[in-house]
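It should be emphasised that the depicted structure is a prediction, and the values quoted were computed from it without experimental measurement. Chain letters run A, B, ... following the sequence lines, proteins first, then strands; residues in each count from 1.
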Amino acid sequence: MNRLFEMTTFKGWDRIGFGLMAAGLFAACVSCSSGNRPQEKHPSYATSGQFTVAHPSMQAAARDYFDQYPTHVDQPIAFTHKVHLKNGMQCTDCHKGVADGPDATIPNVQLCMTCHQVIATDKPEIKKVAGYQKNGELIPWQRVYWFYPSVHVKFRHGPHIRAGVDCATCHGDMSQETVAVRKSGLDMGFCVSCHRMRKAPTDCTTCHF
Amino acid sequence: MDRRNFLKISAVGSATAALDACGKPERQLIRFIPEEDLIPGVAQWKPGICTQCGAGCGLQVRVMEGEAEVTRKGQLGLMSMGLAKKLEGNAAHPVNHGKLCAWGQAGLQVTYNPDRIRFPLRRSGARGSGEYQEISWEEGIKELASHLPQSKPAGKHSAVAFLTEPLSDHRSVLIEKFLAAIGAPPAVEFEFFEQTVLRRANELSFGHHQLPTVDLANTNYVLSFGADFLGTWNSPVAQSVGYGTMRQGRPGMRGKFVQVEARMSQTGANADEWVYARPGTEGLLALGIAHVILKENLRPAASGGDAGEQIDGWSKGLPDYAPEAVAKLTGVEVARIERLARELAAHPPAVVMIGGASLAQTNGLANALAANALNGLLESVGKPGGIFFTPPPPLPDLANRKEGASVAALCEGVLKGSSPVETLLVYSANPVFASPPAWRVREALEKVSYIASFGSFVDETSSLADLILPDHSYLESWVDNIPESGTMQAVASLGPPAMHPLHHTRAMPDVLLEVAQQMGGNAAKALQWKTYQDMLQAAFGSLRSHPGSITAKSADDFWSEVQEKGGWWGAGSSLSVRTATKSTVAVKASVPRFDGDAQEYSFNFLPYASQQFGDGRHANLPWMQEMPDAISTAMWSAWVEINPQTAERMGIRQGELLEVASQHGKLQAPALLAPGIAPDVVAMPVGQGHENYGRYASGRGANPIKILAPATEAETGALAWASTRVKITRVGQPGKLILFGGGVREWPLEDRRR
Amino acid sequence: MNKTPEQINKDLLRPIYHATWRFYATAAVLAALVAAALFAWVYQMYYGLGISGLNRPVFWAFYITNFVFWIGISHAGTLISAILRVCNAGWRRPVTRCAEAITVFSLSIAGLFPLIHLGRPWLFFWLIPYPSERGIWPQFRSPLLWDFFAINTYLIGSVTFLLLPSFPDFALIRDRASGWRRKVYGIISLGWRGTPKQWHRLEMAMRIMAVAIIPVAVSVHTIVSWDFAMAPVPGWHSTIFGPYFVAGAIFSGIAALIVAMALLRKLLHLEEYLRPIHFDNLGKLLLVMSLLWFYFVFAERLTTWYGNFPGEMSVFWSTQIGRFSPLFWTMVFCNFLIPAPILAIKSLRNKIGWTVAASIPIIIGMWLERFLIIVPSLSYKYLPYNFGTYWPSWVEIIITIGTFAAMGLLYLIFSRIFPIISIWELKLGMPKKEEAPELAPAEAAAGQPQAG
Amino acid sequence: MGHRWGMVIDEDRCTGCEACVAACHAENNIATVGDDEASRGRALHWIRVERYYEGDFPDIRVKYRPVLCQQCSDAPCEPVCPTYASYQNDEGLNAQVYNRCIGTRYCANACPYMVRFFNFYNPVWDKPLDLQFNPDVSLRSVGIMEKCTFCIQRIKAAEIKAKAEKRPLKDGEFNPACVQSCPAGALIFGDLNDPDSRVSRLSKSSRGTTFLEELGTHPKVVYLKRDTWHDEQNA
């Protein structure tokens, strides 16, 4: 049977609105947005934090229903991964949590400034960073990779790293990237196909609980 | 929250949601740089102490990164900080061995309660109007200081009173020193289910003015007179742990548990044999049993020891307490009294407990002494499987603390004008809610010219305050505790703050210290510590020289290790029993007096500590409100338990609204047909009926305390809260009784052995 | 009945050409009710099922009751007309089409309820087995999925069964009409020319359909009954449910048919066509079903009571003497004690008024029966600690009413589009009908047998 | 051989203190529905302590029975779910996949133990109560069935940890919230496939029964019946 699944990939078929879709969609978002709001994390959802069903808006609900995620997010700082990686930094230097924690963690402005006290202090972007630190604020990074609460997924980076999954598999080759963009939709098909390939468990409760 | 409300909220929710959508990221809250370095999603476990009841269980707090709305430099923003996510017992702690009760679990909702006071408040409206305005801590502290006398006026007490819940930690020391410095009388300790009687009895019988520790784990026979020791009495978790072992922990050995009471409690429900004795006659029954044991020479009278000496006619074999006589008074048949006596004697070690309503009678002390004497006779004092007294840790400050006046006395003084109070400081005690009407606490407080409260919540008492300086929650502040019972080791628990404060609050001890500094003079001299932490460090430092759980090279090591371990516990367990301080008169067990004559007020009224709310302090926790009570399965309700036969006789149906009237007031509550209650007794849980205690508790159910007679225990003057008689009338409309389970009798389907 | 084909055409096509103010009035009222129901449904989706009376333990109630009830009604048509067709009962001819119409409409209404009662209706399509990259299929062991297929099969089948014999009549209308009607009916009559070949094919198709639809119809309601019988719930888990439901379905179906026919007869003045004989015959059928139904109920109750399984007794007693007993005994009255005597007495049975009087209680009674199968069993399921009860909310009530209104509305509209009585079959039923198939094309086109 | 998680509940130890109930709420982000909803029978308690009376006053006894999902090996709730939201995972847990649930509530009807709970409304938490949410457990939304998971988040965490440290899981290394909290030690959790685990030894006790055994659901929760006291002297 599994062969069949792999052969037939009608992406997004299930998101074609059958008869009820309009009403359902309406209901989906209004009813959902009536619930408890998620703990605010930019832009609108928490992936490591709490999942709730609350949609901040109709639009978000529609996106959720159709499994659409924005690929490009405008960030407060034009951060370039390319340069940092070229200068011999490792992903884990900034994304500290990735090895042991479930989250990769977005670095604290303090961390940026440990180097940028001295390095490239004249650059306008760096000045902005310094500015944030001076106000005791974090840089309001916008999340690039996140899930809608309704997918009820508990993703942990740790096990994937230990299993030798290369960061690039999901996040693309960052050494060629400037500002991070969502490389893969990270829809369930994406995850499952890889899990099948690597003989990783495909039991629902591996990720959904 | 009712449905209409829900609909409203959801409507609003969706509206706001829609708005947010149009918002640009800039419009969202700024995010401060975290004050601690945490990896999201990775849990840390920090030690703490549970203060939900007096038992003083050790905690492990699960702390994880989360984002909370906080104000910094007057600006609202988000900050990633360590948040307590789950409370579990501290496995190393001698009292609770890693376990935790429902109240303890719900402690999280104290910290995260939406009704918490978030910043200092000064009264702006009339007293009790609940109109307050936010002020800064500096203002608050200055204002408080200005209302305290600089130093003791020659000769007499200054007119300052400090009202607090019973504390067995260094906060009490701090308060005591503070009050002494400003020449105020010692703090007035108040809680509704006070243990004065039992402490006094233990002092008389065994020379220990404290609650007993029962070694259930090793006992073979438990006879409990109304002690709800698995639910709300003394140190429930410790006792439950022992009980589990007593039942199934010892292969081939299973102790028997007999419960004597008038209303089947959650504890009584577990008894192998449940015995009904008329309320207040427990002492008689105990002596009746003792009589049989003595008569049949199952134990020598001498073994009664000091405890026995207290009882009139002990050495003569208690002639007045022949089973026949006792049976008449208690309603327990002769054969049963004799059988119980023989069983007790035949299954050492056997232990006797007394608590709850048996002590809250006019003859409470006599009952307690009788039970103690029986314990003595059974040679179960200070022996494995018997009762012990937890030795105090070597902390000199805590050793001899002065007893304060009672709330009743305080109020009387204020109302009579004999001892007026100008300034009253209130700390987490709520006498306005939990005192009989005859005490007139509210009027008394209204006559007090200035009241300052350290409460975290607005409740019936603190809503009368002129100034509210909100305390941290116990997860946010330095906590220590010296358990009075529940272990055979000397224990001094310590809990450093598990998380940063959520709101603009300050720990009460630190506030006191600061006030003292501001006042200067005696106060500043007496309280030289900068913070409560310093005080604790100094105090715990003295433990280092004593043999105990921690051996550290340097004082700093010791201090840091005490913090990691969550406390210090002394080596070995002392089984010593002091010689009693004999009372002059020999005690006679007797029948109690009740308020209201038996004809008109035909029911004994038994308030009892609710499994959900204790004495009412947990009523503002949604988890507790929605947790089904074990016996009634009720949620979000208050009810009157009445025997089904009686109900049938009076034509009362389940959930029907009843009016319960005593000589001192009346209340209305739905009827709950409880098969486990005597036909001439009605019972009601304490805890609901708050007028003003946050959104979850306010205006819900009725408060049984408000119809209680001010009757007191004859010897100790403690409130005899079980000595009121009431009459029941049908209101003739359904009450709001929410049951999770059906009111069900027999087991539905027979389980078969496998 | 001795009318010329011309008169027949006139009588039977009248409703299609002109409608009275009464028609529009009723239509308007019904439409309003349907709108109300739709609003209620949206409201429910907005706030969630909380606004219904559902609770723990009664997770199913009004919606599923309606579902089963309408499925039951749907057995009116196809099954009846098919059986009558197969055993070639002549008197069926005027009855068949209204019957088949009932089937189609009630079935489509019934089909809505599984969606209405979902917690998250906007994801209902996960019931449809389609391959996806996630490699997830529906649970084929679930009776709900069987339902999904059974109902769709039956719907398709009965629609075909309704349309097939309509083409000649469409053609008839087409040929007699002018203007837009001519166009429209021209299209929907799919080029029916009445050639012998077409007649022959039609007859053939009808025979096949008639035979094929019967097992489908039976299976549908059996499967619906399995929604309950498959779950280990006291009062549900019973082998008798298959036949029991089918019998009940036909029972309620016939009752509905009788009421519908009576209404049409009055409203569309079809007195000459729907004659007492039809009601009398249907009445006989109804009597048989009533007796059969009673037998099933009795058998089911008896075995339950005799078996005395504790889990089931609580449910049993709740319906016999307990909380639900009033409903239960009402049901027995409605389904047996009232109709059986009426229908048993010939002098009453052949009076249309009386047969209708016997049928209406049956419809109510059968609705109650579905309710009594579902709710008591859930209210008294095994563990007394969790016993509960149920009271419907306004939303559920309005939606229920709305579906009845929808039925009526659809039927009204139907009567404006279709000749409510199959004209050509009626004519075939008349004396000298035999040569009808050999009609000359020209005349056949008009669908008129040669008047001798 | 994989794990097969099971539980033993010793009714002789259970005191009806309901610590398990509170612990479960704290661990699993279970919503409190409020009094009005509760009175409609929509309160969510993944574990409850059932109370049954025996006899009449004054010779009356009570039987407590903590009831949570029995994690049946032949679960009636599983085959009836049309979307596979309710299924048995490879460690023998009756899993409920929230995102796949469309809310037919059929599973709840099929379950004889009444341990499945439905979100009739979207759960609402008054801020800042939501700060307490356990990030390892997802919040359920309106129209979704939820039930006891044996604290699967703890199971997964422990398994991941053990795998990272390249060692097998130890018996009693972790426990569901209810088991962890139970003061009297009435709840014992463990791997039934491990013959030496405490739970599999206890499950063979002569007092052992399973709940509604006659339904053939083969639960993985074993109840040890309440013992009776007998006087060795007189016996």
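- Rounding to the nearest 0.5 Å places CG of Asp136(D) at 7.0 Å from NZ of Lys154(A).
- For Arg156(A) against Gln153(D), the heavy-atom pair with the smallest separation is NH2-O, 4.3 Å.
- Judged purely by atom type and a 3.5 angstrom limit, Lys156(D) has no side-chain atom pairing as donor or acceptor with the backbone of Phe209(A).
- To the nearest 0.5 Å, atoms NE2 (His152(A)) and OG (Ser141(D)) are separated by 4.5 Å.
- Tyr87(D) and Asp203(A) are linked by a side-chain donor-acceptor pair at a separation below 3.5 angstrom, with hydrogens and angles left out of the test.
- Separation of atoms OG1 (Thr205(A)) and CG (Asp90(D)) is listed at 6.0 Å; rounding is to 0.5 Å.
- Rounding to the nearest 0.5 Å gives a distance of 8.0 Å between SG of Cys204(A) and CG of Asn99(D).
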